[in-house]
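To start, the structure itself, in structure tokens.
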Amino acid sequence: MVDHTSSLERTPVQQLAHFAAQCRDNGLPAAVRDDVIGRILDVLGNSIAGVAESAGNESEPDRAVLRVIAGMGGTGTSSVIGDHATYPAANAALINGSLAHALDFDDTHLPSVLHPSASVVPAALAVAEEVGANGAQLAAAIAAGIEITNRLGMASYDRNIRNSTFFEKGWHATSICGTLGSAAAAAMLYGLDSDRIAHAMSIAASMGAGVIEANRTGGSVKRIHCGWAAHGGVLAAAMAREGVTGPPTVLEGRFGFFNAYIDGVWDQGAMLDGLGEHWELLRTVYKPYPSNHFTHPGIDCALALRAGGLDVDRIVSIELGVSDKPFRTIGEPREEKIHPSTPYHAKFSGPYTVASALLGGGGLGVYLDDFTQSAFTDPKRVALAEKVQVVVDERATEIFPEAFAAVLRVTLDDGTVLEERRDSSRGSQEYPLSREDHRMKFRLNASRSLDSAKVDALDAAVVTLVEGSGSVADVLARTRA
């Protein structure tokens, strides 16, 4: 797909832009096109559920974002998921990206540990509706945008420390890399050539932002990070369309992206090698549970012990062993993880999610109803969470971040110790969700607002759009209750 003979003459951002233009102009491999259908459905389902979860609660971040953009005015060209309102494309991308990430139910790429679809898909949908793009153009933009986001994340992964250097410095890689991926997708849909797609990404490098302290101690700002990335990406592409330019060395330059954000520690090969031939998009895994992905292997272990007949009333203590990097997110500060202050904060708690898997559960094992105020303040769940001690496990640390691993050891009242270990969480390449599981997740989420017939119609409309007919406007109209 990429003209390798001329790639050496291009800077890294120009090579990424050339790849994007080739995706649009030459089409996608069948497997990639089919995968995009799942990405769109996952984002729409998560967003529809997000709308339902925040209904009647004006303090929710997506409601706040909606009020902000409503006050901005402007010509409405692009739809809000689950709503009749339309706004300028960049603002529609802002609210839809916030919805896509609102429940922490969006997909994850490893080992970069970022959530690409929640930024790129909303940005692409907003611009595609604005310009009347067809399904093939939309699919190409989403595929290229996610691939670029993932490749930027791969470039920041440092094998010496087994972690993204973005995360080591407190940056949210999703909202930073996702801005450039969203810009590429939007620029493709605006019909920009390869040079101007590169300018769009170069402009977007000045717009990416996001710190992740909220993962540790709470706050709702992280829930708008993907929306802000989508918003910035659309604006960057619109500016490139109108003639604004960016530096050709924006990624590798002395004062460029990688030096500014992560002190110049990056891997060019991981970003560019096999571009268009090997797709990191296809390695992006879906979440079966609506919580921070670091909690998932612990949930898997707890569900397995529960299925084996574990009597929770006999539990004396629980030890959850995880990698050293996730430990900082889901194990500390201990008191705040045992007693989360908000439903969203509960999604980042190892103790609480293990307790929920042992006591609650719905959907694919743990579901949205396990993260309500009444659930995380339930005395029985709090008492069980207090018995959970999160520790660093050597084996999980060695595996991370190629996969998320955990071990759960439960001590009973007679001294018996039950142990369950998972070297890869459900939904990963080693333990993938089936097509039935994925459709079940979509149906459960969409059904929070839509009746069964409308869920079926939305599913069919997305497939039909990507495969050759229908419109983005029609798809988004079907998300309305």
Side-chain angles (χ1 to χ4, degrees), residues 20 24 36 39-40 43-44 47 51 62 65-101 116-146 148-149 175 178-192 196-197 199-201 203-204 206-208 224-244 462 465 470-480:
R24 178 188 60 202
V36 168
R39 304 298 160 189
I40 298 172
V43 165
L44 292 179
S47 301
V51 171
D62 60 282
V65 170
L66 194 55
R67 292 195 298 274
V68 169
I69 65 173
M72 292 179 179
T75 302
T77 61
S78 306
S79 301
V80 173
I81 295 171
D83 198 298
H84 287 276
T86 58
Y87 296 100
N91 288 349
L94 172 58
I95 179 61
N96 289 338
S98 298
L99 285 170
H101 193 56
S117 295
S119 297
V120 174
V121 173
L125 287 172
V127 176
E129 185 178 10
E130 177 190 16
V131 302
N134 61 37
Q137 293 166 330
L138 173 68
I142 290 172
I146 291 176
I148 288 170
T149 301
S175 55
T179 307
L180 276 71
S182 296
M188 292 167 65
L189 289 162
Y190 280 137
L192 305 190
R196 287 194 291 172
I197 294 172
H199 284 305
M201 286 191 285
I203 296 165
S206 291
M207 298 181 173
I224 67 171
H225 280 185
C226 290
W228 190 249
H231 174 80
V234 173
L235 281 179
M239 290 179 182
R241 180 183 57 179
E242 298 302 323
V244 179
V462 170
L465 174 65
S471 70
V472 174
D474 174 64
V475 166
L476 291 172
R478 294 179 183 278
T479 66
R480 301 167 189 153

Acceptor/donor pairs from residues 184-191 side chains to any protein atom, 3.5 angstrom cut, sequence neighbours excluded:
{"unit_1": "Y190", "atom_1": "OH", "unit_2": "E130", "atom_2": "OE1", "d": "2.7"}

Checklist entry - Can V472 and L465 be said to form a side chain to side chain contact (heavy atoms under 4.5 Å, CB included), step by step? => result CA-CA 7 Å; V472 174; L465 174 65; 4.0 Å; yes
Item to check | R39 CZ to I142 CD1 distance, which is reported to the nearest 0.5 Å | outcome: 11.0 Å
Checklist entry - Going by the salt bridge (charged side-chain N to carboxylate O under 4.0 Å, His left out) test, which pairs reach into residues 67-92, not counting sequence neighbours? => result E58-R67
Checklist outcome for this item: Between A93 and A230 the two heavy atoms that sit nearest each other are O-CB, 3.6 Å
Item to check | Nearest non-hydrogen partners of M207 and G232, listed with the distance | outcome: SD-O, 3.3 Å
Item to check | G181 versus V120, closest heavy-atom pair with distance | outcome: C-CG2, 4.0 Å
Side-chain donor-acceptor pairs under 3.5 Å in residues 121-129, sequence neighbours left out?
{"unit_1": "E129", "atom_1": "OE1", "unit_2": "S79", "atom_2": "N", "d": "2.7"}
{"unit_1": "E129", "atom_1": "OE1", "unit_2": "S79", "atom_2": "OG", "d": "3.3"}
{"unit_1": "E129", "atom_1": "OE2", "unit_2": "S79", "atom_2": "OG", "d": "2.8"}

Item to check | Closest non-hydrogen atom pair, I197 against A20 | outcome: CG2-CB, 4.3 Å
Checklist entry - Which heavy atom of T179 sits nearest a heavy atom of G208, and at what distance? => result OG1-CA, 3.5 Å
Item to check | Pairing residues for R478 by the salt bridge (Lys or Arg N to Asp or Glu O under 4.0 Å) criterion, not counting sequence neighbours | outcome: D474
Item to check | Pairs meeting criterion side chain to side chain donor-acceptor pair (under 3.5 Å) with involvement of residues 85-97, two or more places apart | outcome: none
Checklist entry - How long is the span from the NE2 atom in H231 to the OG atom in S182, to the nearest 0.5 Å? => result 11.5 Å
Checklist outcome for this item: Sorted by chain and residue number, the side chain to side chain donor-acceptor pair (under 3.5 Å) partners of S117 (sequence neighbours excluded) come out as D107
Item to check | Residues which pass side chain to side chain contact (heavy atoms under 4.5 Å, CB included) with A143, listed by chain and number, not counting sequence neighbours | outcome: L28, V32, V36, W279, L281
Next on the checklist: Using the side chain to side chain contact (heavy atoms under 4.5 Å, CB included) criterion, which residues pair with A240? Sequence neighbours excluded.
Outcome noted: L192, H199, A200, I203
Item to check | R24: partners by salt bridge (Lys or Arg N to Asp or Glu O under 4.0 Å), with sequence neighbours left out | outcome: none
Item to check | Donor-acceptor contact present, side-chain T77 to main-chain P88, <3.5 Å | outcome: no
Item to check | Residue list, side chain to side chain contact (heavy atoms under 4.5 Å, CB included) with S98, at least two apart or on another chain | outcome: V65, L94, I224
Checklist entry - By side chain to side chain donor-acceptor pair (under 3.5 Å), which residues pair with R196, not counting sequence neighbours? => result none
Checklist entry - Can you check whether I95 reaches D62 side chain to side chain, under 4.5 Å on heavy atoms? => result yes
Next on the checklist: Taking the side chain as everything from C-beta on, heavy atoms only, tell me whether L44 gets closer than 4.5 Å to L476.
Outcome noted: yes
Side chains of residues 131-140: which donor-acceptor partners sit under 3.5 Å, not counting sequence neighbours?
{"unit_1": "N134", "atom_1": "OD1", "unit_2": "A136", "atom_2": "N", "d": "3.1"}
{"unit_1": "N134", "atom_1": "OD1", "unit_2": "Q137", "atom_2": "N", "d": "2.8"}
{"unit_1": "Q137", "atom_1": "OE1", "unit_2": "N134", "atom_2": "N", "d": "2.9"}

